[in-house]
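What follows is a short report on a single structure.
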Amino acid sequence: MTSLSPTVHLIDDDAAVRDSLALLIGTVGLRVTTWADPQAFLQGFDREAIGAIVLDVRMPGISGLTVLDTLVA
Amino acid sequence: MRASGGSLWWWVGGAVLSAVGAVMIARQAIDEQRALFETDARIVHRLLSQQVVQHDAILDTLALLQPAPEAAGNAAPEQRLPSLYPHILSVQRRDRDGTWADPALGDAERRSAQDRRPALAAPDLPSGRYRLVLAAQPTAYALTIDLRGMVPWTEWPMKPDTSPVRVVLEHQGQRFELQRGDTAALAGTSGWHFEFHKHLAAASQPFDVVAEQRLGWSQLPWWRMLVWSVAVAAVLALLAQWQRQRTARRRAEELLRLGQVARLNTLGELAAGMAHELNQPLTAVLANTQAAQRLLAEDPPELDTARGAMTQAVAQARRAAEVVGRLRQTIERPEARSATRTLDLAEAARRALHLLEPECRRRGVTAQLQADAVVPVEADPVAVDQIAHNLLMNALQALEGVDAQRRTLSLSVLRANGGGELSVMDSGPGIAPDALPRLFEPFFTTREGGLGLGLSLCETLAQGMGGSLAAANQPGGGAVFTLRLPLKDTA
């Protein structure tokens with residue numbers, strides 16, 4: 001577990017899914033940041049530190065596909 | 001709205017059709033009457049012409065017999081003419097150097113000499129007689145002729161007393177009526193007026209034959225027109241009835257099809273929702289167990305964290321089970337049982353068969369129903385219809401696999417073992433032995449493109465009504481599906 005390891009952003013409104021996936025990703029030695037609200041993720045994430053994102057498609061408020069479109073833009 | 005517009009067109013079409021037909025019938029009748037009238041008038045003209053020409057001939061003959069025997073009282077041969085020709089009332093003669101008793105006869109003789117043909121002497125038609133003079137030397141003759149008597153009634157084409165045709169002889173404004181005709185009708189102005197007007201074919205007696213007839217409205221063939229209208233109405237009523245029945249049947253089929261589509265749509269939505277609801281706990285279960293696997297594989301194993309992950313996995317698996325449980329509750333409609341009532345299973349079978357009759361015809365399948373008079377069962381009519389329809393459709397589809405001549409479908413409805421049984425038997429290839437035990441499983445299908453829900457749904461519906469659905473192969477080949485429903489207590 002080095003500090004150079006990229007961060008995986010995990011965005012899911014379901015706490016059980018979020019926590020279990022964070023645990024699993026953590027066991028393989030990756031840093032994980034979890035987000036319950038996609039809107040908060042878009043506003044608060046560190047653009048430099050991004051490694052990968054795991055995104056749920058069906059979420060209340062804003063869909064995963066919209067989040068992806070906003071990221072690409 | 002469509003129905004009332006449709007019936008309006010039936011009414012308008014019927015009215016136009018019967019009106020046009022009635023007018024044509026009336027016109028044909030009028031034309032027939034006119035043709036009859038003209039034929040009769042022509043015969044009358046010919047008969048009268050022949051008659052007056054005869055008068056010319058008689059006078060010519062008398063003139064040829066010159067010199068006439070001197071007047072010898074009653075011995076004069078021309079005096080025998082009236083007995084020969086009853087319509088010749090008398091024969092007068094002017095002997096050599098004699099004069100006529102009536103100066104009008106002398107006048108006529110002068111004209112006759114001038115024109116070299118017999119001439120009329122001061123004709124007075126209304127009196128019913130006229131005189132015809134032929135100038136000759138030394139003796140001239142005059143005939144007095146009875147107008148009515150000269151008509152050859154035996155050859156007359158009409159019945160003089162009853163014929164509606166009036167026949168009149170006209171000469172210089174004078175008239176003599178030979179046949180009265182229907183005076184009341186002729187006095188009227190409505191209806192159709194036929195008229196015939198022609199000179200007699202004899203220059204010496206230039207009378208006009210005038211025939212008239214008036215056909216009144218009351219003489220139109222009203223009965224035939226009425227019969228026609230009634231026939232049109234009857235035919236149209238039959239057609240309308242037939243169309244209504246066809247529409248009703250089509251609508252019923254459409255409704256059934258729509259119902260099935262709606263059911264499938266609901267099912268699709270349900271499945272999509274179910275997939276999402278289940279996916280989340282399943283993802284959590286998967287992630288937790290995989291994490292636990294990794295944590296246990298570490299050296300030393302992180303037992304506490306792994307234990308926590310497994311606890312999470314159990315909780316999430318339970319959550320998934322709850323989703324499924326909720327789904328079952330939704331699908332197994334609690335109101336299904338309350339919709340049951342007493343219905344006749346035989347009637348339901350007849351209805352299902354009737355609904356699919358066009359389908360059977362199209363596929364060349366002969367279907368027959370053998371049913372006890374009335375088999376009252378306690379069931380939901382919609383569900384029974386649905387099951388019967390599905391079983392019949394299944395049988396029809398099974399029959400696609402055999403020759404057209406061997407496609408038979410038979411239904412039987414009977415009371416057996418304390419229940420009402422509806423059996424659907426086909427002459428198809430039957431059910432494969434390995435498919436038989438799985439037939440009612442959801443999503444199990446032997447048909448390409450089939451969803452595998454039909455029989456499963458039918459079984460669920462049958463069980464919901466306290467009945468059952470069974471499938472088997474017949475000893476003689478083909479499959480038999482039997483729906484059993486609880487009999488209605490006769491108490």
Side-chain angles (χ1 to χ4, degrees), chain A residues 1-46 49-72, chain B residues 264-331 443 451:
Chain A
M1 285 204 201
T2 66
S3 58
L4 289 176
S5 150
T7 302
V8 175
H9 291 279
L10 186 57
I11 308 145
D12 199 310
D13 60 313
D14 190 309
V17 174
R18 204 166 57 233
D19 294 347
S20 59
L21 280 177
L23 183 63
L24 181 59
I25 295 166
T27 60
V28 298
L30 295 169
R31 270 197 297 159
V32 187
T33 316
T34 59
W35 305 84
D37 179 12
Q39 209 66 51
F41 160 72
L42 284 175
Q43 282 159 10
F45 82 103
D46 179 3
I50 196 161
I53 59 168
V54 176
L55 189 60
D56 187 15
V57 173
R58 277 191 173 209
M59 284 185 292
I62 176 167
S63 102
L65 293 173
T66 318
V67 173
L68 203 61
D69 286 344
T70 318
L71 275 180
V72 171
Chain B
L264 278 180
N265 280 346
T266 317
L267 213 69
E269 247 168 65
L270 213 67
M274 191 172 79
H276 184 73
E277 284 267 297
L278 281 177
N279 236 348
Q280 300 204 354
L282 287 177
T283 307
V285 168
L286 192 63
N288 275 315
T289 47
Q290 277 181 318
Q293 239 175 357
R294 286 183 174 281
L295 291 165
L296 291 173
E298 275 178 24
D299 193 24
E302 285 188 46
L303 286 178
D304 279 349
T305 323
R307 202 173 284 127
M310 287 314 291
T311 310
Q312 274 297 309
V314 169
Q316 289 306 310
R318 210 165 262 150
R319 180 179 156 198
E322 271 168 27
V323 169
V324 174
R326 227 175 31 240
L327 188 77
R328 285 200 69 144
Q329 272 184 341
T330 318
I331 292 180
F443 303 108
L451 266 176

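We name chains A, B, ... by the order of the sequence lines, and we start the count at 1 in each one. This one's a predicted model, so the numbers in the text were calculated from it and none came from an experiment.
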- Identify which part of D56(A) has an atom lying under 4.5 Å from any heavy atom of chain B, answering side chain, backbone, both or neither. side chain
- Can you tell me which residue pairs pass the side-chain hydrogen bond (donor to acceptor under 3.5 Å, both in side chains) test with a partner in residues 291-305 of chain B, sequence neighbours excluded? E302(B)-T305(B), D304(B)-R307(B)
- Here the pair of heavy atoms bringing A309(B) nearest to L23(A) is CB-CD2, 3.4 Å
- Note on the structure: Closest heavy-atom pair, A287(B) versus L21(A), reported as atoms and distance to 0.1 Å, is CB-CD2, 3.7 Å
- Residues of residues 316-323 of chain B with any heavy atom under 4.5 Å of a heavy atom in chain A: Q316(B), R319(B)
N/O donor to acceptor pairs below 3.5 angstrom from side-chain atoms of residues 32-39 of chain A, sequence neighbours left out:
residue : atom : partner : partner atom : Å
W35(A)  : NE1  : H9(A)   : ND1          : 3.0
D37(A)  : OD1  : Q39(A)  : N            : 3.1

- Message: Just to verify, what does Q280(B) make a side chain to side chain donor-acceptor pair (under 3.5 Å) with, not counting sequence neighbours?
- Response: H276(B)
